[in-house]
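Structure first, commentary second.
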Protein chains: 2
Amino acid sequence: MTSQPVVSQPVHRSGALLDHLARRMRLRAESVLAPFRLRPRHLVALTVLRGRDGITQQALSITLEMDGTNIVGLLNELEAEDLIERRRSPEDRRRHLVALTEAGAKRLAEAECALAAVEKEVLGALDDSQREALHSLLLQAAMGSDVSCPLD
Amino acid sequence: MTSQPVVSQPVHRSGALLDHLARRMRLRAESVLAPFRLRPRHLVALTVLRGRDGITQQALSITLEMDGTNIVGLLNELEAEDLIERRRSPEDRRRHLVALTEAGAKRLAEAECALAAVEKEVLGALDDSQREALHSLLLQAAMGSDVSCPLD
DNA sequence: ATAGTTGGTTGGTGCTGCACAAATCATTAG
DNA sequence: CTAATGATTTGTGCAGCACCAACCAACTAT
């Protein structure tokens with residue numbers, strides 16, 4: 001690899017587009033999510049938790065790239081709604097292993113279902129297969145670039 | 001395809017992933033952009049302007065889904081740096097037609113160039129062709145779902 | 001045992017992005 | 001002339017989030 005001295009095509013930047021679309025999505029998502037007593041960041045956290053059960057709070061803080069103290073608050077809110085559970089780690093009883101509860105998984109699924117319309121609107125220019133492709137690319141990017149995710 | 005009465009697979013939701021990745025990108029982008037005296041939202045605005053020269057401020061406000069009064073502030077900042085230009089519309093002299101200046105296009109290009117590393121990091125799990133695919137999907141979604149963009 | 005370190009928690013402070021409201025000016029339309 | 005419209009200015013308030021300091025419980029090392 002790295003053999004070709006190809007200087008580099010203009011290689012399009014996706015940052016601004018990502019920002020823009022995320023914003024549009026979030027604006028609509030907020031009102032849709034409100035009846036579920038969830039805000040966008042809750043959704044993000046729950047989504048992460050669905051993929052990595054029993055993650056430690058530190059790892060979560062790294063994954064979400066949020067300050068540890070704010071993670072606490074976020075989890076408090078979710079725990080108050082019984083959507084997540086904090087279990088003590090048997091190996092190191094200081095650690096909390098955070099996991100989605102059944103209610104949490106259910107709420108997440110319901111919320112996602114309710115977001116179908118939003119996504120349809122924001123990603124309206126994409127057909128189903130394109131949306132699926134987008135999802136898998138986003139997923140791969142999100143999982144792969146996760147510092148706290150050594151082995152998947 | 002589209003012939004099967006498949007009720008619907010779980011159809012993955014991309015909202016949270018979009019949110020998550022945009023955040024990761026934005027966090028890094030902020031520091032990279034600082035030397036250019038640009039913040040992420042400036043980048044978004046400039047990116048939009050590159051695609052639609054001579055757009056009216058109202059249209060911009062619709063596209064960015066930002067309040068009109070905040071658009072004014074944003075444009076003031078960009079105009080102070082001579083990155084955009086406000087021209088009076090000849091047809092309706094109340095309107096401002098906003099356009100990228102040469103300096104603006106240049107700054108935008110430079111900033112994007114500087115963001116290469118950031119994108120490489122955040123989208124590190126994707127290879128070049130995947131990144132390209134992602135970009136074109138995002139672009140299509142952004143252009144297509146734009147209410148103020150009747151004909152492109 | 002004792003000291004130092006680490007995971008988590010609490011409380012507080014402050015900045016930034018943004019929505020929203022109100023008042024103003026220039027221009028256009030009826 | 002009057003009303004409506006595009007843009008501007010100024011001011012208010014809230015939410016997200018980073019950061020700091022103090023603290024407890026539990027682990028580690030000596």
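Small disclaimer: the values here were computed from a predicted structure and weren't measured. Per chain, numbering begins at 1; letters A, B, ... match sequence-line order.
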Side-chain N,O (A:Ser61) to OP1/OP2 (C:dG7) below 4.0 Å: no

hbond_proxy B:Thr69 side chain to C:dC20 base (donor-acceptor, 3.5 Å cutoff): yes

Euclidean distance, atom CG of residue B:Asn70 to atom C1' of D:dT8 [Å, nearest integer]: 12 Å

Side-chain N,O (A:Arg39) to OP1/OP2 (D:dG16) below 4.0 Å: yes

5' precedence on DNA chain C between A:Gln57 and B:Pro90 (nearest-nucleotide basis): A:Gln57

Flag side-chain contact, heavy atom, 4.5 Å: A:Leu126 against B:Gln140: yes

Distance in angstrom units between B:Leu75 CG and C:dC18 C1', rounded: 15 Å

Worked verdict on B:Val98 versus B:Glu79 for side-chain contact (heavy atoms from CB on, under 4.5 Å): CA-CA 10 Å; B:Val98 185; B:Glu79 199 175 33; over 6 Å; no

Salt bridge present between A:Glu77 and A:Arg41 (N-O < 4.0 angstrom): yes

Touch class at under 4.0 angstrom, heavy-atom based, for B:Arg88 against every strand present: nothing

Sugar-phosphate only, base, or nothing, as touched by B:Arg26 at under 4.0 Å among non-hydrogen atoms: nothing

Minimum side-chain heavy-atom gap A:Ile84-A:Leu46 below 4.5 Å: yes

Residue closer to the 5' end of DNA chain D, A:Leu64 versus A:Ser89 (nearest nucleotide): A:Leu64

Atom-to-atom span, NE2 of B:His20 to P of D:dG16 - whole angstrom: 17 Å

Pair A:Arg28 + A:Glu121, salt bridge at N-O below 4.0 Å: yes

For atom CD1 of A:Ile62 and atom P of C:dG8, their distance in whole Å: 10 Å

Pair A:Lys106 + A:Glu102, salt bridge at N-O below 4.0 Å: no

Phosphate OP1/OP2 of C:dT16: any B:Arg41 side-chain N/O under 4.0 Å: no

Interatomic distance where CD belongs to B:Gln58 and P belongs to D:dA4 [whole Å]: 16 Å

Interatomic distance, A:Leu60 CG vs C:dG7 C1' [rounded to whole Å]: 13 Å

Contact list for DNA chain D against residues 91-99 of chain A - heavy-atom distance below 4.0 Å: A:Asp92, A:Arg93, A:Arg94

Whole-Å gap separating P (C:dA22) and CG (B:Asp67): 13 Å

Carboxylate-amine/guanidinium proximity below 4.0 Å for A:Arg107 and A:Glu112: no

Nucleotide D:dC17, atom C1' - distance to CZ of B:Arg24 in whole Å: 17 Å

